[in-house]
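Whatever order the structure lists ligands and atoms in, that order sets their numbers, starting from 1.
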Amino acid sequence: MNNHTLANRDLAVLWHPCTQMKDHETLPLIPIKKGQGIWLEDFDGKQYLDAISSWWVNLFGHSNPIINAAIKVQLDSLEHTIFAGFTHEVGIKLAERLVAITPAGLDRCFYADNGSSAVEVALKMSFHYWRNQGQRNKTKFITLENSYHGETLGALAVGHVALYKEIYEPLLMDVITVPGPDCYHRDSGESWADYSRRRFAIMEETLQQQAKSVCAVIIEPLVQCAGNMRMYDPVYLSLLRTACDKYHVHLIVDEIAVGFGRTGTLFACEQAAISPDFMCLSKGLTGGYLPLSAVMTSNSIYQAFYDDYQKLTAFLHSHSYTGNALACSAALATLDIFQQQNIIEKNKPLAAVMAKSAERFIEHPHIAEVRQTGMILAIEMVKNRQTREAFPWQERRGLKVYQHALSKGVLLRPLGNVIYFMPPYIVTEEELWLIADVAWQGIHLATQD
Ligand code: PMP
């Protein structure tokens, strides 16, 4: 068994996510045989440093001994059971722990099985809450430009990245899209905080005018990940919390990508000291092992659904794999690692090394910006640094960086022309320097003509 034979078998029967399959006529598909720590190994024995945490899910490495052991123990007692009418110990324990570690007031946990479905749950719950309160006019959602919340139709509707959304527009519900605080667009010399505050005025005005028809504002806190890792200041979130309260609109915070330490705190919301009405969690929740998501909400929202069955106020949403026991056991082991190894503190020097390793990019003639929030660092590759003119997307310069990095044994997967580092937290200083070196060479090659 080698890469070539497996890739051929794959291409005869499989259809991969987020891929123009024709690309694989020239771009080899890479069959992975095993993962160990930060390294993935293919069937030809070549290794790749997983610098993007396998689509931002992996926190503590592949084949992590602690998570492996927890799943093995769980496997011998219960793999999965229906979660309506039935429950299990790991599901209860995980909910108790999520209630304890998420911001104050998030006292209820509803499980789903992936990020997009958590977003669907939060949207439906918010809408349904207002219905149960007799508020039938609230049917809309406010979202930000450049946001991303998943691929199912509801989640896609509240997202804004044209590449994923545009073609499906005729199928999508109408949403109110507000210009956001993406600090890449701030004036020169303007601070992130000033720009974020300035941009909030548009949100405030929108809320003031439209709150009566709005269920909730949905937002990715601090980093719009799929929207090219664009970042903003926590002050935007504090202002938004205050305004949502003032105008009686829910705040849905999508921490699917940024939760579990990515922004430097366990949850990004902590940096603004806010509690949302709904918090969506997934990806890192299971350490990158198994699909699971959770929507955290308040007891007062929960109570609005709690009544005699005949009143038909219940939230009848379900997924077959809701609260999967193996996934819950992986999540509990992940939370143990955070606690026992003091990960949030241990990540601080790593984030500083990331910053240091990327200093050389700041003056590069084809780099408009190097930005960082905690353990996420992004490099904006452009045609013209002065005017910030972008390379035409058709040239696929990011793909060249991807290909170069692969040849050097590093898995980087640029978003368009934005190269980013989002490694598992077991990354070493040396590995961070390796990632930066390879990105440097890749950018050099990709911007030569
Ligand atoms: N929200 C955000 C912020 C995300 O980054 C993603 C996935 N990249 C999702 C939702 C959707 O999660 P999933 O891919 O598990 O459906």
Side-chain angles (χ1 to χ4, degrees), residues 16-19 50 52-59 110-126 141 143-165 168 172 175 177 180-182 216-232 236-237 251-263 267-269 276 278-296 317 319-324 327 330-331 334 373-376 378 413-416 418 420-422:
H16 286 265
C18 204
T19 301
D50 188 355
I52 54 148
S53 301
S54 285
W55 258 346
W56 322 336
V57 297
N58 192 290
L59 300 185
F110 187 99
Y111 291 124
D113 53 16
N114 64 73
S116 303
S117 47
V119 169
E120 301 286 345
V121 166
L123 297 174
K124 285 175 69 181
M125 264 186 188
S126 172
F141 295 93
T143 186
L144 295 183
E145 280 180 357
N146 195 44
S147 57
Y148 179 89
H149 297 288
E151 296 294 336
T152 54
L153 294 178
L156 200 58
V158 292
H160 185 253
V161 178
L163 181 63
Y164 311 122
K165 180 171 181 176
Y168 304 104
L172 303 178
V175 298
T177 306
D182 169 1
V217 176
I218 182 165
I219 188 165
E220 293 161 273
L222 302 189
V223 188
Q224 296 184 311
C225 292
N228 291 349
M229 298 291 169
R230 294 293 175 77
M231 300 175 183
Y232 61 91
Y236 193 90
L237 296 172
L251 175 57
I252 302 172
V253 161
D254 176 351
E255 294 240 9
I256 288 162
V258 296
F260 300 101
R262 291 291 182 196
T263 66
F267 299 109
C269 277
F278 300 93
M279 181 189 265
C280 301
L281 301 172
S282 189
K283 291 196 188 271
L285 174 60
T286 63
Y289 264 67
L290 287 159
L292 181 69
S293 60
V295 177
M296 306 302 296
H317 184 105
H319 296 287
S320 315
Y321 281 100
T322 296
N324 175 266
T334 300
T373 299
M375 293 293 286
I376 307 173
R413 199 174 191 275
L415 291 153
V418 172
Y420 68 91
F421 311 154
M422 197 160 165

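- Atom CD of E220 sits about 8.5 Å away from atom CG of L144, to the nearest 0.5 Å.
- A distance of 6.5 Å separates CD in Q224 from OH in Y232, rounded to the nearest 0.5 Å.
- Near ligand 1, residues W56, N114, G115, S116, Y148, H149, G150, E220, D254, I256, A257, K283 come within 4.0 angstrom through at least one heavy atom.
- For the residue pair S54/D50, the side-chain donor-acceptor check at 3.5 Å is satisfied.
- Between F260 atom CZ and L285 atom CG the span is 4.5 Å, to the nearest 0.5 Å.
- For the pair V121 and H317, the tightest heavy-atom approach, listed with the atom from each and the gap, is CG2-NE2, 3.4 Å.
- Legend: residues meeting ring pair (Phe, Tyr, Trp, His ring centres under 6.0 Å) with Y168, ordered by chain and number and at least two apart, are absent.
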